[in-house]
Colleague: 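I am attaching a structure below and will ask some questions about it afterwards.
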Amino acid sequence: MAVTGMNFTLLLPELILVATGILLVLLDLFTEQKRVLVYAGLAGVLASLLALIPGFGTTASIWADMIQVDSLAGFFKIVFLAVTALALLVSLEYVERRQIQAGEFYALLIFATVGMFLMASSLNLLVIYLGLELVAIASYALVGLLKQDGRSVEASIKYLLVSSATSAVFLFGISLVYGTTGSLALPQIAQALAAGAASQPVLFAGMLFLLAGLAFKVAAFPFHMWAPDTYEGSPTPISAFLITGAEAAGFAALLRVFLVGLPGLADAWTTIFAALSVLTMTYGNVTAISQTKIKRLMAYSAIAQAGYVLVGLAVATGQGTAAMLYYLLVYAFMTVGAFAVIILVANSGAGEEISDFRGLSQRSPFFAWALVIYFLSLIGIPPTAGFFGKLNLFSAAIAADMTWLAVVMVINSVISAPYYFKVIRTMFLEEAAEAEPVRAPASLTWATAITLVVTILLGLVPDQVYSWVRLVAGAL
Amino acid sequence: MSLDLISFIVLGIITLVSGYLVVASANLMHAALFLGLSFVGVAGIYLVLGAEFLAAAQILIYVGAITTLIVFGIMVSNLQDLKAGGRGVWARVVRNLASFRRGLVPLVAAAGFAILMLVIYRQSLWPAEAPPASGSNLATVGRLLFTEYVVPFEIASVILLAAVLGAVALSRRDDQPPAGSTGQAAPAAERKEGR
Amino acid sequence: MAGLAWLIPLLPLASWLYIGLPSHRASTRYDRVGIGAVGIAFLLSLGVLWDVIRGGSAAASFTWAVHGSTAITIGYQVDGLTAVMLVVVTLVSLMVQVYSLGYMHGDRRYKRYYAVLSLFTFAMLGLVLADNLLLLYIFWELVGLSSYLLIGHWFEDPANVRAANKAFLTTRAGDVAMFIGIMILFSQTGTFAFGELGELAQAGAISAQALALGAILLFAGAVGKSAQFPLHVWLPDAMAGPTPVSALIHAATMVAAGVYLVGRAYPVFAASPEAMQVVAWIGGITAIFAATMALVQADIKKVLAYSTVSQLGYMMLGLGLGGYTAGLFHLITHAFFKALLFLGSGSVIHATGTQDMHQMGGLIRKMPITGWTWIIGSAALAGIPPLAGFWSKDEILLTAYYANPTLFWIGVVAAAMTAFYITRATWLTFFGAPRDAERYAQVQESPRVMTVPLVILAVLAATVGFLGAPPLGAPFAQLVHFGEVHHLEMTSVVTWGVTAAWVLGVLVALAIYAGGWISRQRIISGLRPVYTLLKNRYYIDDAYDYLFVKGSIGLAYVVGWLDRVVVDGIVNGVAAITRWFADATGLFDREVVDGAVNGVADGVSVGSQAFRRLQSGLVQSYILAMAVTVVLGLAIFVIGG
Amino acid sequence: MVPLPYVLGLAALLFSLGLYGVLTQRNAVRILMAIELMLNSVNLNLVGFARYLEPDRPGGQLFAIFVMTVAAAEVAVALAIILVIAHRRDDVDIDKINLLKW
């Protein structure tokens, strides 16, 4: 019995990444120059990106329908590769300074990316689950790799315990869905739902558990509580990686599972997502106000942003999906960029309190202004990319007759302004403890420049990308 | 009552009781052993349900690997149980109930889960008869694993690789521990030796 | 030339990027870059204006984003209003930047100051050129940001940082409403462009409620930015920034952006009578309310700040009552004479080192250029013919007379108060005896870089009014008008009312403050030479001596008493009433407006603290929260069926 | 043959037992054990369903195998972290691991 759809070409991006991961472990044994690992990793990411080209525009179910190649998968893979490349860049200096075991660090980062790929590119619950676990297991280790810091290890164990418990709930949900529909493949599940399985009460329970498991991944209220602790404790590049990449992967899985697999229950889950969205953005924004540590502030900000993205699921339309995709793309760049500045400040000898940003505008005007632009984008002030992200979600909500949700979004973006401005004020209107200009390593400058250009460009000329994500959303 | 059902009930009781003891037993090592016993019970149920391959895997992976790993972990790290005294299960239950975080709320949540699920199961329709299985389960599962499920199989191998890497990276002692950590680590080590 | 208008904002942008971004070596050439950029921009603007006068116009837009079935376009448009505003903004910015060469000389953050000024100029020019609400909103936020940075320029003093925050947050409150308003209009019409919006609104394509709501919310943004009641509280505090900044941002340009917005979106407002009523009444209330507060200020910049608020109210009043040309013309004239007054006050502050008028006096002798330009500016503000303020204020009041008599009389009273407070400020600052001799001794006229801008602005303040003078055919109205150019007949009631207002104001002020002329010190110093002479020439004149000395002391005593009881009595009597009113309004400010703002902020931050505590750090609590949520979800489902 | 609801009921009870353990135990290792109980309950579900739905192509059973594999991987990483913690301090009391909060 042969496997149907054995196609190595379309699986090449994943294969290249796995090979890169293994290569990094081996390289680590033979070289003292740990920078080489970053370059090799970047080469692998680039190769994987190039390997995406043959699959572009095709829609195919390969390997016994376990892997789905389509434009949605392609979109998310590009986002993940971008995030990974940027994470590698911002890690370079960080890993050297803190004597983190470089081989394992970079290899695990690549393996986590493979997991994200799988979450976005499968219509089978088993593969989605395995992808999710691959991300999770690699992340537990990555979060804890700053071993000499008690907070890192603490973040790791907390993440692990909460994540495993949630995994169990998620799996319970999968088992119930499997039991009522007789399949693990999302299209078949949708068919079974349409054929009448949707009336089974147990399916609702299954849906609820699936939702809980994935809501945990995207840190939606009240499944978010692990997030601030984990993001604060982890090595900063990993915070950036998880906050953007893993969260985007969670949304990819949410889109697949709910829009492809469970459209028959849309009445129920749209309501739940709308409620989660409101709670999540409000909780994130309000709690962020009283934070004093920059990473924690970014964590709550991430929670709030996840709340905005959930609006796209609450409306459950093509427009909503497109808006989500656009937002996730934009969010990845502006957040990694902000973290690049945070890493710069932390590397310069200051800590990770907000007060450590004092006088950054004098010590390094470029990075200070870059952070201003990321923050304006996060608030949603035009002409930055974040504005268009919010505008898209906003009009999707209006178009779906959920004006109240749109209004809540706007109010939330107002609440969010003060805490970002607290940082901006610290940078511009407070005197630095030392006037010494901050020396920026080339890797951080590159990462900042790239994310900055994307953040501005996606705000100035959003059209091409938006029409692309419309297309992608249409393919779902 | 068929033999199947009787064995299911017996095995179920074993599983549940030892599962309860995992939570309730006073000694951490005992808990680990009860965990193993619970796994064995589950393996038995797999056999009853005609999943021979899985029963074998359960014994190998769960009992053989996971339980052993946990026991080994407990011994290596010389972990002591946290429950002071350990004067009987009920005394602890009463004491625990008094605490909000560990008391009534978790109990209600956990029991609520079971009760609600049972209610939901009652409301749903289930097939009354299982279709007869044809051929050997071992062969079927083995074949599927390397044909239809070959991609997940490979992913699992990547997961294991990542786990090994992670575990090694975490547990490897650094040659030169950074200055900050020695101050905290040393007293703990001394305390251990002193005991 | 008009086709090159898009280039104008790019010059200051380039200047900002050049000055601001790299952390390059400490050179002081930044000022030249900024001045050069805005200077070229000014010349270009003149060219554009010339083009427009000859009937040219330009507009270009491109599609920014396609949104479902609607395309969002952005672009610029040049019409009469734009062209005039371009000239005003670049000119005032140029003057301020030149002036700052002297005023900010040796400042610690000199470079940054010029960088942010360039950024501001860029944003303001972009705002003026924008052809749609969205783009305007972008620049709207950007001017807010640069204003924030400039108010907090001297952030060593926490009070300045507080002022910056207050300004930002207060205007932001208006901006939020404005954004919602933009979105309402957008959802109704599918466009942000002013042209299409105006056409659709005039054609009645928008439901009346949505139109009124959208327009009023839009106006809320203008209320914040233009410091209209009840969001005016930030502007007096914003005086914490450097004075040239106040002249540029908080008098001539940014605060006028609200008025400009109403003007730009006028077809939308005009289609909704409710919105127009709101605009007019808010404007009227602000005009008189701020004027009363200006009466009792001791700080010279605070007088000007409240005056600005009041004058902006006038503009809104004019616009709201249908006087499109009148309101916008006042915006232009006000930009010149108020910038002049602020720069003049800056010159005074620079020379004396204080902002308290009670420590000044007699400065005109030492600072003739500053003094005389100030007098021209204040006469223009008071509305004395034929200076700029006279023509524009007259137009507004004329409009009000025909449209709404109540508001007309409010306007007239406010005009009288305006004349009073500016005369008072003029007198206390420049005339009378110096009240602080030590300061006075050190006073000297400001350097040339500061006085030249004053003179230029004074000339403009004196002459620009003729552009709107009906006897000369009101060329401004030909250029900037809504619908047909129409002309209101002058009536004697208005003529006499307005004239009586400024005459009364000036005379009362002189009567009270020129009363200092016969104050005690004046008499002592006046009689002392006689006394000395007598003492030296006639030995025998001990008696006289005694008499004169005692007499003069006694007389001084009596006069002093008179001064205190009678003159002060009158002053205090007048002042007490106004002060009571001002206090009452101030109380309203502090307790109600601030209270509301703080209340919301406190509520949010208390909530924030509470939410924060939920995050206990105990991992099982996290799992518990999740478990309880899931089980509750199940329970709701089971119970709900 | 065992009726399907019996299997499901047993799994639900086992799951809630595990959940209770996760919520109440202070020792990190014991929490880990409780999580394993939850995973076993899921596997019971999957195997039960597979028996009734598709005995000849038991997708549920295969899923269960992967759950076991992942569980083993997870336990390995978890124990590694717990060892790091135990090395720093005497116990692995989850209540004392709360540097990160608020």
Side-chain angles (χ1 to χ4, degrees), chain B residues 4-5 8 12 15-16 19-20 22-23 28 31 35 39 42 45-46 48-51 54 57 61-62 65-66 69-70 73-74 77 79-82 96 102 106 110-111 113-114 117-118 121 126-127 130-131 133-134 140-141 144-145 149 152 156 159-160 163 166-167 170-171 184-185 188 191, chain D residues 1-2 4-10 12-17 19-21 23-27 29-30 32-34 36-37 40 43-44 47-48 51-52 55-58 61-62 64-66 68-77 79-84 86-93:
Chain B
D4 273 0
L5 194 54
F8 173 79
T15 308
L16 282 181
Y20 172 73
V22 170
V23 177
L28 190 59
L35 182 69
F39 289 159
V42 173
I45 295 174
Y46 290 161
V48 172
L49 291 170
L54 217 61
I61 299 180
Y62 264 121
I66 296 181
L69 205 57
I70 289 176
I74 296 171
S77 57
L79 286 172
Q80 292 303 305
D81 204 27
L82 294 163
N96 281 344
R102 288 228 163 70
F113 176 85
M117 282 316 296
L118 293 178
Y121 288 149
W126 301 109
S134 63
T140 315
V141 174
L144 279 175
L145 204 53
Y149 286 81
I159 292 181
L160 287 172
L170 285 168
S171 50
Q184 285 165 310
R191 276 202 301 278
Chain D
M1 199 66 236
V2 184
L4 184 54
Y6 283 31
V7 182
L8 300 179
L10 175 65
L13 289 174
L14 195 58
F15 192 90
S16 77
L17 206 54
L19 182 63
Y20 181 73
L23 293 175
T24 53
Q25 300 304 307
R26 283 173 65 188
N27 189 319
V29 179
R30 218 189 271 250
L32 211 58
M33 296 183 201
E36 297 308 321
L37 287 182
N40 263 275
N43 281 355
L44 268 179
V47 174
R51 178 70 193 84
Y52 274 81
D56 291 332
R57 280 182 74 248
Q61 290 189 20
L62 281 143
I65 293 173
F66 289 109
M68 287 179 194
T69 320
V70 169
E74 213 160 50
V75 166
V77 177
L79 281 174
I81 299 170
I82 289 173
L83 284 181
V84 175
H87 177 65
R88 300 173 133 265
R89 50 196 301 162
D90 253 352
D91 54 43
V92 281
D93 183 351

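Numbered from 1 within each chain, the chains take letters A, B, ... in sequence-line order.
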Colleague: For residues Asn43(D) and Tyr46(B), determine if any side-chain heavy atom of one lies less than 4.5 Å from a side-chain heavy atom of the other.
Modeller: yes
Colleague: Which heavy atom of Tyr20(D) sits nearest a heavy atom of Ala110(B), and at what distance?
Modeller: CB-CB, 3.7 Å
Colleague: Is Leu62(D) close to chain B through its backbone or its side chain, or both, or neither, when contacts mean heavy atoms under 4.5 Å?
Modeller: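 Only the side chain of Leu62(D) comes within 4.5 Å of chain B.
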Colleague: Heavy atoms only: give me the nearest Gly73(B)-Leu83(D) pair and the separation to one decimal.
Modeller: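 Looking at all heavy atoms of both residues, the shortest contact is O-CD2, 4.2 Å.
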Colleague: Quick one: which of Asp56(D), Leu4(D), Val70(D), Leu19(D) has the most heavy-atom pairs under 4.5 Å with chain B, could you say?
Modeller: Asp56(D)
Colleague: At a 4.5 Å cut-off on heavy atoms, which part of Leu8(D) comes close to chain B: side chain, backbone, both, or neither?
Modeller: both
Colleague: Is there a side-chain contact between Leu28(B) and Met33(D) (heavy atoms, below 4.5 Å)?
Modeller: yes
Colleague: Name all residues meeting the side chain to side chain donor-acceptor pair (under 3.5 Å) criterion together with Asp4(B); count only those two or more places apart in sequence or in a different chain, and write none if there are none.
Modeller: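 Side chain to side chain donor-acceptor pair (under 3.5 Å) check on Asp4(B) returns nothing, list empty.
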Colleague: Is a side-chain N or O of Arg57(D) found less than 3.5 angstrom from the main chain of Val141(B), in a donor-acceptor match?
Modeller: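 Checked: no pair found.
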Colleague: So for Val84(D), is it side chain, backbone, both, or neither that comes closer than 4.5 Å to the heavy atoms of chain B?
Modeller: side chain
Colleague: Just so I understand: if I count every heavy-atom pair under 4.5 Å between each of Val77(D), Ile81(D), Val47(D) and chain B, which residue has the most?
Modeller: Val47(D)
Colleague: Which atoms of Pro58(D) come close to chain B, meaning under 4.5 Å heavy atom to heavy atom: side chain ones, backbone ones, both, or neither?
Modeller: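 Both the backbone and the side chain of Pro58(D) come within 4.5 Å of chain B.
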Colleague: To the nearest 0.5 Å, what is the distance between CD on Glu36(D) and CD1 on Ile70(B)?
Modeller: 6.0 Å
Colleague: Where on Tyr52(D) is there a heavy atom nearer than 4.5 Å to chain B: the side chain, the backbone, both, or neither?
Modeller: both
Colleague: Of all of Ala80(D), Ser16(D), Ala12(D), Pro5(D), which one pairs up most often with chain B through heavy atoms under 4.5 Å apart?
Modeller: Ser16(D)
Colleague: Only counting residues at least two apart or in another chain, list the ones meeting side chain to side chain donor-acceptor pair (under 3.5 Å) with Asn40(D).
Modeller: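 Expected list: Gln58(B).
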